[in-house]
Amino acid sequence: MANTSQKHKNFVAEPMGDKAVTELAGVGEVLGDRLAKAGFDQACVVLGQFLILKRNQELFKEWMKDTCSANSKQAMDCWQCLDDWCGEFL
Amino acid sequence: MNNIDIDSLSDAELRTKLIEYGFPIMPITATTRQVMKKKLSLLIENKNRVGSTDGRRSLGRYSSEEETDDEVKAIKIQKNRRVTMAAPTSSTTIKPVGKFISNPEVGTSSPNIESRRSVTTNKSSTRTSRILKNARDAFDTGSESESDVIASELSEPMDISLKYEDTYNDLPNTRRSTPIRSSLYSPIKSSDHSFAATKNVSFASPSSRYSTSYTESSSALPGSLASNYAAEALSSIRTRTPTACYTTVSPASTRSSIDLNPNDTPFLSNFTKRLSVLSSNKKTDYDSQNDLVKEHDTNGSTMFGARSYLANFRATRGRDPIYNYKSRGNDSGKGSFVSYAVLVVAALFFIILAIVYLGMRSDTSMITSGYISPICNFHDPQNKKGINCINEDQVQNAINLLNSIRPELHKKAVAHRCVDPTIKPQMSEAEIVSFCQSNYGIKDAVMIRNDLKNLEVLLFSNPGWGVRLAQTENNDVAVTEDNLAKNMETAIFNLDKKVTSLVFLNPDVPYSCQVYNYVTKALYTILLIAGIFGILFLLRYSFKKFRTYEKKQKDEVNSIVDKILDLLQNAAQEEPGYVVINHARDAILDIKDRQAKRKFWEKAVQSIIENESRVRLEVQTVQGESFEVWRWIGSANLSMTGEEIGTKYRPGRRIVDVDYFTNKAFKFPHKNCKTPEVYIKCEIREGCFSTYILECKQCLEQHTVHSEDPESDLLDVNLAFVGGMSKIASNSGLYQMNELCSFMHIPTISGENFENSWKKIKEYPETKTAVTPKVIEKAETTILPLDYDEKMKTFLQELEKDIGVVEVLTQDQRNAELWFQERKKRLTASNFGRIIKLRDTTNREKVVNNLLFSTFKGNFATKYGQDNEPNAIKDFEQMTGKIVKKSGLIIHKDHPFLAASPDGLIVKENALVEVKCPYKAQNSTIEEAVNKGEITYVTYEDGKLTLKRQHEYYYQVQGQLHVTGKTHCYFVVWTPKGLAFEMIQSDDDCWDRMFDKLEKFYFDHMLPEILRNV
């Protein structure tokens, strides 16, 4: 992706600490709410899932769609965001 | 396999299934299970699709074969053959029941060359002709079906026909060669025992070594096993179009003929060689074929079927290749061992040579010949005896003397070098004499001296001996290179003054000594280097220390600065608002540390004076003495409302010295930050003068910028503003100024500040300013600092003014600037619904900001509404016969903070009109739109429109009714296809409820914000 959102930049810029799940790119209030209801209340929990799926884009997107009915773009943004973060900090 | 299966799978089963389908192992957890199930079903689906195409292919394969009657067992061979022989592109899927396998994919898709092999074993020899026919058919049709059948029944007569068909595009060419071919085939028919090769072009050429070998083998052993030249065929893809068809028929009667005799071997080796040129995978393939041939070789025809089967099987299981690798590995090992051995031997030889050579070197050997002896010639006037020549008879004596003292000299020199440098290497003349006397028992010292003199002369002419003549002041120190005598004449010249001695200057020292010397030298060097490095390291370390020390000092200074700023900020809130510098020091530094930290303190003071714009240095009289004091001007009372100043940046215009400001702003000190994102973190306003603290989001560095140069020659902006205002009109003051500022959208000067400026401008020396504040004297007004209540009062009074005028002036609504202006100061009916419906938890500040500073300029929907409003009103007028007139902004008579701008007023009726033109419903009638959910705020039943009582629009209507004081309102919903309206009566209960909320909202939240920005 040539351009990333401000949210993406912010997220990737620093360790995630205990950021809320809504800090993830592609996850807004609605998705964040759904994720939180599914037990994924923090960004790091989503990261865990991301890692369990071995950073696989396809599977992670599928999971996002399943869990919080994200659309393709949101899921992709979120995946990209986590992947970049991992590239930076993992 | 279907999805139901997948659902019921356990985690472990799911995982195994996934692995089965070639999917990498993933953890299956509660959260991933769903995804994995999907993946699996997808994989299964894919697999099924692939499987079905496979099935089709094998079916086609099945139907294409015609003559596979017998030989079920041959299938495995078939398979192996297939693996070994097929062109690399061919797929090798086996249909279990297929007795006969062709490769339609290859056969149909690649028209150039494919090597085809068909081994057909028949129970009867009559079969052969059929095969041949079949083969011919294959030529004719160009189809490349392959038949590969082998009989395993050993008792039966076997017709093994290995057939290689290299079929090319050029079929006519093939046909042209029919004569040759028929000649080939005929022997088969006649004798059932032949070896035949067909080659259209190049195979027939005698120069081909393969053809030669063919001839050989066929002549030597007709009817032996024939192998094909798949490799040959492959290599000749571009150049030739051969059709080779070898048929071997070995009848039962001549079973032995299958044995290969030696004549076949070159053929085979050729074959193998040829194959080895090919690519590696082909090679292994062909190796197995070779293996097959070998089996023939050793076991004969009786075992042929079974053996070949075995051999092939083995080959395909990859044993042959493994064996090959092994043997290759052994070979290379052996070769390298030999070369290593040679190397070692050579190295040993040279080492020994070196040792021998070094051992042979010795200078202590006797000198008997090979020297130059300058014999005195009496005829030569140049010769001076004892100086550059000696008598011939004395030469031998001198040499003898040299030989006797030489070992002693050598010993001494070595001892000097190795054992103890204090031992003198030289022997003085006296020492030599006494040495000779004591060791050799020669009594005659004069003779010795004489010989010695001669020897000295000889030494000069024979520098190769290594013994030199040296002359020193005394015999206490070891001689060096400098002491050597240059020639005999100087030696004789100095004979009396100096001690003459012989010395072995460069002796061959023993190895141990040499090694010792080297080691000590190396040690010295290492020590030296280590010393240098040590010094460098020390330097670096001390530099580092120095840096950390410096940093520590800086930190110390910074912490003091921070403390000072804290102190000043606290002090600013109390009287007298400033802090004497010395007092600040006393407050911050402990009395004990005061002396020690004096330096830091001075630095901190310096840094505050230089870098801190929020602190002003003044001289104040404190208790009768003048002190330098600091005043915190950063937090001067900026707000007119008297509230604690917010340093939040407020959008709006500023009066800025652009040149100065941009210059300063561009000097932002980024800390290695690639994508600077500077924003205004806060703004400290002092009237029109602002100080901005910029911060970079990336590097978090901060930077302070003023709106103008504080040390500029120009009049201070506040003073200038106030002065300017007073000049415009004699009675203008704070209020007028605020009015101006609010129009300009400039944050204005606080009352207090205004007064200060006012006073200052009056005292200001006229000469220095561009503004002459002369008029001000006249225009002295009684501006008092306004507190919030007063400000509010003024504002509310202002709101009450000109209510009627505003209404008339704003009848154009959106087109009238005043409409926007007045709306900004009040709550308007269109927002009532929103405010009523606010939840308690909603942040009021945001709502207020939205209302006051909304940047919403309208969109297609609002535009649609605005454009169609006149149409709607026209339709409404036609429908009802009422006359609607425009309305401006109507302000509540008792509560001037409430206002409404109805869409229209009904003439001659105490009513108003509110029109809605829903954009969504632009293609529907009202009824359709309501049913479709395009309009949600009304119900529509039996042609009767009803506005939902809980909807924001209802509050808007009620608000309009009460603000305007009308009794009822026609709520009109209009679409291009229809119009409906409801007459809504004014509802006092509803209004009472609404009013409380509105009032609370306005005074608690909106008014402060308005006042802050006025």
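Just so it is clear: chains get the letters A, B, ... in the order the sequence lines come, proteins before strands, and each one is counted from 1. The model shown is predicted, which means the values in this text are computed figures rather than measured ones.
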I'd like to know whether [atom1] of [X] has more than 12 heavy-atom contacts from other residues, nucleotides or ligands below 6.0 angstrom.
X: B:F666; atom1: CZ; value: no
X: A:E29; atom1: CD; value: no
X: B:K916; atom1: NZ; value: yes
X: B:E845; atom1: CD; value: no
X: B:K932; atom1: NZ; value: yes
X: A:K37; atom1: NZ; value: no

Using non-hydrogen atoms and a 4.5 Å limit, figure out which bit of A:F60 sits close to chain B: side chain, backbone, both or neither.
->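 Contact with chain B involves no heavy atom of A:F60 at all.
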Considering only heavy atoms, which portion of A:N56 lies under 4.5 Å from any heavy atom of chain B: side chain, backbone, both, or neither?
->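 Just the side chain, heavy atoms under 4.5 Å.
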Would you give the length of the straight line joining atom [atom1] of [X] to atom [atom2] of [Y], rounded to the nearest 0.5 angstrom?
X: A:D66; Y: B:T32; atom1: CG; atom2: OG1; result: 11.0 Å
X: A:E58; Y: B:L42; atom1: CD; atom2: CG; result: 7.5 Å
X: B:T31; Y: A:I52; atom1: OG1; atom2: CD1; result: 5.0 Å
X: B:K38; Y: A:L59; atom1: NZ; atom2: CG; result: 11.0 Å

Side chain to side chain, B:M36 and A:L53, heavy atoms closer than 4.5 Å =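 Contact flag for B:M36/A:L53 side chains = yes.
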What option among A:E62, A:K65, A:E14 has the most heavy-atom pairs under 4.5 Å with chain B?
->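 Maximum pair count with chain B is reached by A:E62.
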